[in-house]
Protein chains: 2
Amino acid sequence: MTSGESRPTTRADVARRAGVSTAVVSYVVNDGPRPVASQTRRRVLEAIRELGYHPNPSARALKTGSTGLIGVVVPEILNAYFSEFVDAIDVAARRRASSILLSITHEDAGTEKEVVASLVNRGVDSLIFNCRLVNTELYQAGDPRIPRVLLDRSTPVGEIPAFGADLAMGARLATEHLVGHGHTRIGYVGGPLPDDHADFRRDAWQTVLEERELPLLSPAITAWDRNGGHQGAQELLDRPEPPTAIFAASDQIAIGVMHALHQRRLRIPDDVAVVSLDGTAETAYSWPSLTTVRQPFEAMAEAAIAALTGPPEPGTRTLFPMTLQVRASCGCHQDQESLE
Amino acid sequence: MTSGESRPTTRADVARRAGVSTAVVSYVVNDGPRPVASQTRRRVLEAIRELGYHPNPSARALKTGSTGLIGVVVPEILNAYFSEFVDAIDVAARRRASSILLSITHEDAGTEKEVVASLVNRGVDSLIFNCRLVNTELYQAGDPRIPRVLLDRSTPVGEIPAFGADLAMGARLATEHLVGHGHTRIGYVGGPLPDDHADFRRDAWQTVLEERELPLLSPAITAWDRNGGHQGAQELLDRPEPPTAIFAASDQIAIGVMHALHQRRLRIPDDVAVVSLDGTAETAYSWPSLTTVRQPFEAMAEAAIAALTGPPEPGTRTLFPMTLQVRASCGCHQDQESLE
DNA sequence: TTGAAAGCGATACCAT
DNA sequence: ATGGTATCGCTTTCAA
C-alpha cells in the first residue's frame, strides 16, 4: 500500500519503519533467540503488516543452511500407485513444515539424471527415491551429507535405508485367499524385474502352490501396467488348461486382466477369480470391485520421512505388513451397494 | 576424498585449489559473464571435481533473485484428473529448467491457507492454481509481483488469467454423440458448483436437449467423485422413466455411474449408454471402455507455464478445444482388443 | 583474461 | 531488552 512497486521490502525497511534495529525484527519474526519487549514487538508486527513484508527465503536458507525442501523422485504420477505415495508423503512432510519438490523420471535415463541433478542443485534437505533408478550412481548424487531413503523398496542400496511393503506376505495372503476359495489352477500375471532382484511376489505365489501341491502354472510376465495385465491374461487364457483364478502382481495389472476377461465374456469371479496387490483407490470401483492386498502407504511414507529427520540408520531395511481387502472379484460376495 | 567431512565445499575452496580467484570460478560455473582461458577453465573444472563442489543454491537464489521454483496447488493427487495436470506441468516446467513445488489442499480451508503461505515463503518464482480455493483471498497471497495463473478454470479471478478447457463444447460433443445414437432420454450426473459459477457442462447438455426438443430430465447433482457418480446413477435409475443414456460430467463420475449400472445388471451400452468428460487414462480400461471427451492437458499446462514466463496478460481467459474419444460405452462398437 | 570487493537479505553473537 | 555487525556463498562490476 504505502510502498512503491519497485523493490521488495527487506527487514531493513521494517526496522526503519518500526524504529528498531534489524536484529530485533529478526527476533520478532523468529520468536527468538532473544526476547523482545511486547510493546516493541507490537510496533514491529505493525510495520511488517503495513509494509507487506515477507522474509526472503533464500537469504534465510543461506544463513540457516536448510531449505525445508524434500526432493521426491517418482517414475510416473499417472499411475495411481505412485500418487498414493506422493499423497502420503505430502501429509507427512507438511506435518514437519517441509515442502515437497516433485520430480518424475518417466523411467527415462536422461530425464532421471536431469531431475536428480536439479533436485540436488536446488538444495533439497533430503531425498526420497520412490522409484528404481536406471543409473544407480544417481542414488548417491550430490552432497553425501544429504540424507536419503528408498520408498517402495525392500533392499537397501548401499547405505541408503529401504522402506517397503512385505510383498512376500502380500502375495501369500492373496494366493492363499484364492486357494481358500477352492481354486487349484491359479495363474500369475506380473511385470519384469531386474535380474539381480528377487521377485518376492512371484516367489511367494509359487511357494504357496508348492505347499498345497497345486499345479504350478508358468507365470505370465509382461509389463507393469494395465496393458501388461491385458496381455498377460490373454496369454494365460490361450493355454490348453487356463487358470480359474489369477493373482495379479499389481492393481494396474489386475485392471488389465479383468478387461481381457470381460472381452472374452468370462464372468468374474464365477469363471475366473482375480486378486491383486497394492490397494489403490481405483480398485474399489472397478467391475467387479477388486479384492486386493493393501500396502500401508501412509505408514510407509511417515516412516521414511521420520528416518530422514532422525539419526541415520545406514543400510537398514524396514518391511511393512500388508492387509487383505476383501471385495467382489475373488468370489467372497456379490458386488454390493457399499464399497470400500 | 581429500576434504574432511566437516564443512561443505565453497567456491573459495575451489578457487584456492585451482589457484584462481572466486570470480573466475563463478565464470566457469556459469559460463559467463566473462570469458575464461581454456587452460584456466580446465584447472577450475578439475578442482571442482576433486573437491566434489556443488554451488549453494540458496546463495545463488539470493543473489539472482530467482529460485527456479514453480508452486503448484492442486486439491488432490489421488484423483487421476489432477495427476494428468501435474504430469503435464512437470514436463513443461522441466523444459524451462524449473522445478515444481507441489502442494495439496485436500480441499480443506486450513490446509489450503497453510500450503499457499508455505509456497510463498519458500520463494516460488510463480504460482499455478490448479484448484478452486475456498478462501479466495489466498489467490493474491504473497508478493503481488509473483506471476500466477489459474489452470482448469475458465474464469479469471481478478487479474489472474485463466486457462481452461471449453467445457461447453465438450458437453455438447458428448450429448450430441448420444443423440446421434438415437437416444431421447439422456440424463445428466454431475457435481455441485459454487452458486456464482456457471455450470457450462450442465448448461450445454440442457441446450442440446432443448435444441432437439428432447425431454429434459432433471439432472442428478451429487459429488465430484466416483461415489457421487454411483449415487447419481441410482437416483436417475430409480425414477419412473429412467434414461437410456447418461452424460457424466467427469470420468470419475462416469466410473461410479457404470458401477451402479453393473450392480443393477444393466448392460452398457445396450440398456444404458454412457459418455463422460475429461479423458483421463483410466477410462481406457474401465468396463466397458469409456467414450469420453478429452481435455488437452499438455497444451493447457504448456500455455499456463508460458504465460508465467512471458509478459503478463491480466484478466485473460484462454479456452482449449476438447476432442471426442470414441470407445465402447456409447455403443459405437464392441469393446475391442485394441485399447488406446 | 583475471582479481578485488561490494552487495543480496537474514541471523545471531557480542556488546551495551 | 536492544543495537551494531560479521557472516552465510555467490554474482558481477570495476580495475588492473
Side-chain angles (χ1 to χ4, degrees), chain A residues 3 6-45 47-48 51-68 120-125 142-143 145-146, chain B residues 3 6-45 47-48 51-68 120-123 125 142-143 145:
Chain A
S3 74
S6 48
R7 196 178 42 80
T9 319
T10 74
R11 92 218 168 296
D13 300 323
V14 176
R16 203 172 311 121
R17 170 81 152 201
V20 299
S21 78
T22 62
V24 173
V25 178
S26 192
Y27 300 153
V28 170
V29 171
N30 303 330
D31 236 339
R34 300 251 148 281
V36 175
S38 64
Q39 205 180 20
T40 316
R41 144 173 282 108
R42 225 188 314 282
R43 281 220 313 287
V44 172
L45 254 17
I48 288 179
L51 264 26
Y53 165 73
H54 285 275
N56 179 313
S58 304
R60 171 174 284 175
L62 170 59
K63 190 61 183 168
T64 63
S66 143
T67 55
V120 168
N121 290 334
R122 292 246 139 76
V124 294
D125 284 348
D143 191 318
R145 266 163 309 209
I146 301 175
Chain B
S3 72
S6 49
R7 194 178 43 81
T9 318
T10 74
R11 94 219 165 296
D13 300 322
V14 176
R16 200 171 314 119
R17 170 81 152 199
V20 299
S21 80
T22 63
V24 172
V25 177
S26 194
Y27 301 153
V28 171
V29 170
N30 303 330
D31 235 338
R34 299 252 145 283
V36 174
S38 65
Q39 204 180 24
T40 316
R41 143 171 284 110
R42 225 188 314 282
R43 281 220 313 286
V44 172
L45 253 17
I48 288 179
L51 264 27
Y53 166 71
H54 285 275
N56 180 314
S58 305
R60 170 174 285 176
L62 171 58
K63 191 61 184 171
T64 63
S66 144
T67 55
V120 168
N121 291 334
R122 292 246 138 77
D125 285 347
D143 191 318
R145 267 163 309 209

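What you see below is based on every heavy atom in this structure, not just the backbone, and it leaves out hydrogens, waters and symmetry mates. Letters A, B, ... mirror the listed sequences (proteins, then strands); counts begin at 1.
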It should be established whether B/S21 places a side-chain nitrogen or oxygen under 4.0 Å from OP1 or OP2 of nucleotide C/dG3.
yes

Once you build an axis from the first five pairs and another from the last five of the helix from C/dT1-D/dA16 to C/dT16-D/dA1, how far apart in angle are they, to 10 degrees?
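Terminal axis comparison yields 40°.
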
For residues 54-64 of chain A, the salt bridge (charged side-chain N to carboxylate O under 4.0 Å, His left out) pairs (sequence neighbours left out) are none

Considering only residues two or more places apart or on different chains, which pairs with a residue in residues 22-37 of chain B satisfy salt bridge (charged side-chain N to carboxylate O under 4.0 Å, His left out)?
B/D31-B/R41

List the steps, then state whether side-chain contact (heavy atoms from CB on, under 4.5 Å) holds for A/H54 with A/T9.
CA-CA 7 Å; A/H54 285 275; A/T9 319; over 6 Å; no

Rounded distance in Å - CG (A/N56) to C1' (D/dC8):
13 Å

Nearest whole Å is fine: how far is C/dA10 P from A/R16 CZ?
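Answer to the nearest Å: 12 Å.
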
I'd like to check the side-chain contact (heavy atoms from CB on, under 4.5 Å) partners of A/R11; sequence neighbours left out, ordered by chain and number.
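A/R11: side-chain contact (heavy atoms from CB on, under 4.5 Å) contacts with A/T22, A/V25, A/Y53.
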
What residues, two or more places apart in sequence or in another chain, satisfy side-chain contact (heavy atoms from CB on, under 4.5 Å) together with B/T67?
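B/T67 satisfies side-chain contact (heavy atoms from CB on, under 4.5 Å) with A/S58, B/A61, B/L69, B/D125 only.
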
With B/N56 via side-chain hydrogen bond (donor to acceptor under 3.5 Å, both in side chains) - residues at least two apart:
none

Does A/R43 have any side-chain hydrogen bond (donor to acceptor under 3.5 Å, both in side chains) partners at least two apart in sequence or in another chain, and if so, which?
none

For the residue pair B/V36 and B/V44, establish whether any side-chain heavy-atom pair is separated by less than 4.5 Å.
no

B/V14 and B/V29, any side-chain heavy atoms less than 4.5 Å apart:
no

Hey, does A/G19 reach any base, or is it just sugar-phosphate, or nothing, if we go heavy atoms under 4.0 Å?
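Sugar-phosphate contact only - A/G19 comes under 4.0 Å of backbone atoms but never of a base.
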
Base, sugar-phosphate or nothing for A/V20? Non-hydrogen atoms, less than 4.0 Å.
sugar-phosphate

Considering only heavy atoms, which members of residues 35-44 of chain B lie under 4.0 Å from some atom of DNA chain C?
B/P35, B/V36, B/A37, B/T40

List the protein contact pattern of nucleotides 11-16 of chain D with one symbol per nucleotide (5' to 3'): B for base contact, S for sugar-phosphate-only contact, - for none; contact means a heavy-atom distance under 4.0 Å.
BBB---

